[in-house]
Amino acid sequence: MHISVFDFPLLKSDLIQCADAVIKLRAEYLYQNKKYSQIKFHITNGTLIPFERYINGERVLISGNNVTWKSGYKQGSSRDVFDEYLKFIYCYAGTYSLSKESKAKSIEKIMPGDFFIYGGTPGHVVLVLDVAIDKKTGKKIMLLGQSYMPSQEFHILKSYENINPWYYVEDKILETPEWTFDKGSLMEF
């Protein structure tokens, strides 16, 4: 099902599923570049959870479908505060919320960082890792990565194409080893 596994730090708990991996990679990029105000994700009930509130010492309390914020927790943008934020997001966000906060994108404009998503329960998402041109055919190709359920390390997918692990970028249904995405399921943040 996969060609190789990404080597990046995981939390001690077993929480990285498909949407979590996409969220993690985006959040890690923004965190490394100190773009803290851009680290914000919706949870499944639609509530926006910005990392800046964690930096300010606030934490989220969940009771049923109700969300409240409480002050008095550790402040700052240290790694442990960031990991606490990510752990909360992994627990309460998923493909459904990720699909609601992303926007559709034309397949002709595909680029690394975009993703194919079916937002549901269950749903699935695969991340576009790279885009290139196949020298033999002149067609655009893409490299895809995912995590899955139960929680797995993020990995590069094998393809059914004769250019494994690459997939042809085409405006049609996308078949991966574990999921089939409908035409029009390409999204971006």
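Nearest heavy atom pair, residue L186 against residue S106, reads CD2-O, 3.8 Å. Between L127 and L25 the shortest heavy-atom distance is CD2-CD1, 3.4 Å. Between Y31 and R79, the shortest heavy-atom contact is OH-N, 3.2 Å. Residues L143 and P165 approach most closely at CD1-CG, 3.6 Å, considering heavy atoms. Looking at every heavy atom in both residues, C18 comes nearest to S147 through CB-O, 3.4 Å. Of all non-hydrogen atoms in Q75 and V81, the two that sit nearest each other are O-CG2, 4.3 Å.
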I would like to know whether L144 and Y167 meet side chain to side chain contact (heavy atoms under 4.5 Å, CB included); could you show each step before the answer?
CA-CA 8 Å; L144 301 175; Y167 289 76; 3.7 Å; yes

With salt bridge (Lys or Arg N to Asp or Glu O under 4.0 Å) as the test, would you mind laying out the steps for E52 and K35 before giving the verdict?
CA-CA 10 Å; E52 284 188 322; K35 296 181 178 183; over 6 Å; no

Show the numbers, then the answer: is there a side chain to side chain contact (heavy atoms under 4.5 Å, CB included) between E58 and K70?
CA-CA 5 Å; E58 296 177 83; K70 185 176 179 183; over 6 Å; no

Test side-chain hydrogen bond (donor to acceptor under 3.5 Å, both in side chains) on D134 and T137; report intermediate values, then the result.
CA-CA 6 Å; D134 181 354; T137 64; 3.3 Å; yes

Please determine whether side chain to side chain contact (heavy atoms under 4.5 Å, CB included) holds for the pair E170 and K140, giving the CA-CA distance in whole Å, both sets of side-chain angles, and the decisive distance to 0.1 Å.
CA-CA 8 Å; E170 299 172 315; K140 197 180 285 188; over 6 Å; no

Checking T44 against K100 for the side chain to side chain contact (heavy atoms under 4.5 Å, CB included) test, could you report, in this order, the C-alpha distance in whole Å, the side-chain angles of both residues, the deciding distance, and whether it holds?
CA-CA 9 Å; T44 301; K100 298 294 182 193; over 6 Å; no

Give the intermediate values and the outcome of salt bridge (Lys or Arg N to Asp or Glu O under 4.0 Å) for residues K87 and D83.
CA-CA 6 Å; K87 184 175 180 179; D83 284 347; over 6 Å; no

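Between the side chain of S77 and the backbone N or O of I55, no donor-acceptor pair lies under 3.5 Å.
I133 and I110 sit in two unconnected hydrophobic clusters of ILVMFWY residues. Membership requires side-chain heavy atoms under 4.5 Å apart, directly or through other members. Cluster membership check: Y29 shares its hydrophobic cluster with I39, using side-chain heavy-atom separations under 4.5 Å among Ile, Leu, Val, Met, Phe, Trp and Tyr. No continuous path of ILVMFWY side-chain contacts below 4.5 Å connects Y96 to M187, so the two sit in separate hydrophobic clusters. Hydrophobic clustering of Ile, Leu, Val, Met, Phe, Trp and Tyr side chains at less than 4.5 Å, counting indirect connections, keeps I173 apart from M142.
In this pair, W179 and Y118 present their aromatic rings tilted. The plane angle is within the 30 to 60° band. Ring planes of F41 and Y85: tilted class, angle from 30 to 60°.
For the atom pair CD1 (I62) and CZ (F88), the distance works out to 4.0 Å, reported to the nearest 0.5 Å. Within the model, atoms CD1 of I117 and CG of L98 stand 4.0 Å from one another, a figure rounded to the nearest 0.5 Å. Atom CZ of R59 sits about 8.0 Å away from atom OH of Y73, to the nearest 0.5 Å. Y92 OH to S97 OG: the interatomic distance, rounded to the nearest 0.5 Å, is 13.0 Å. Distance check: T47 OG1 to H42 NE2 gives 8.0 Å after rounding to the nearest 0.5 Å. Atom OH in Y160 sits 9.5 Å away from atom CG in L157 (nearest 0.5 Å).
Each of F51, Y54, Y36 was scored for a ring-ring contact (aromatic ring centres under 6.0 Å, His included) with F82, with one residue passing: F51.
With sequence neighbours excluded, the residues forming a side-chain contact (heavy atoms from CB on, under 4.5 Å) with E188 are K103, K105, D114, listed by chain and number.
Residues V131 and P112 have side chains in contact (heavy-atom distance under 4.5 Å, counting atoms from C-beta outward). Within the 4.5 Å cutoff, no side-chain heavy atoms of L174 are placed close to those of K183. Residues E28 and L86 are in side-chain contact: their nearest non-hydrogen atoms beyond the backbone lie under 4.5 Å apart. A heavy-atom distance below 4.5 Å is found between the side chains of F181 and H124. Contact of the V67 side chain with the I43 side chain is registered, since non-hydrogen atoms from C-beta on lie closer than 4.5 Å.
The pair E84-R53 does not count as a salt bridge, with every side-chain nitrogen at least 4.0 angstrom from each carboxylate oxygen.
Cation-pi contact between R26 and F115: absent, since separation from the ring centre below 6.0 Å together with deviation from the ring axis within 45° is not met.
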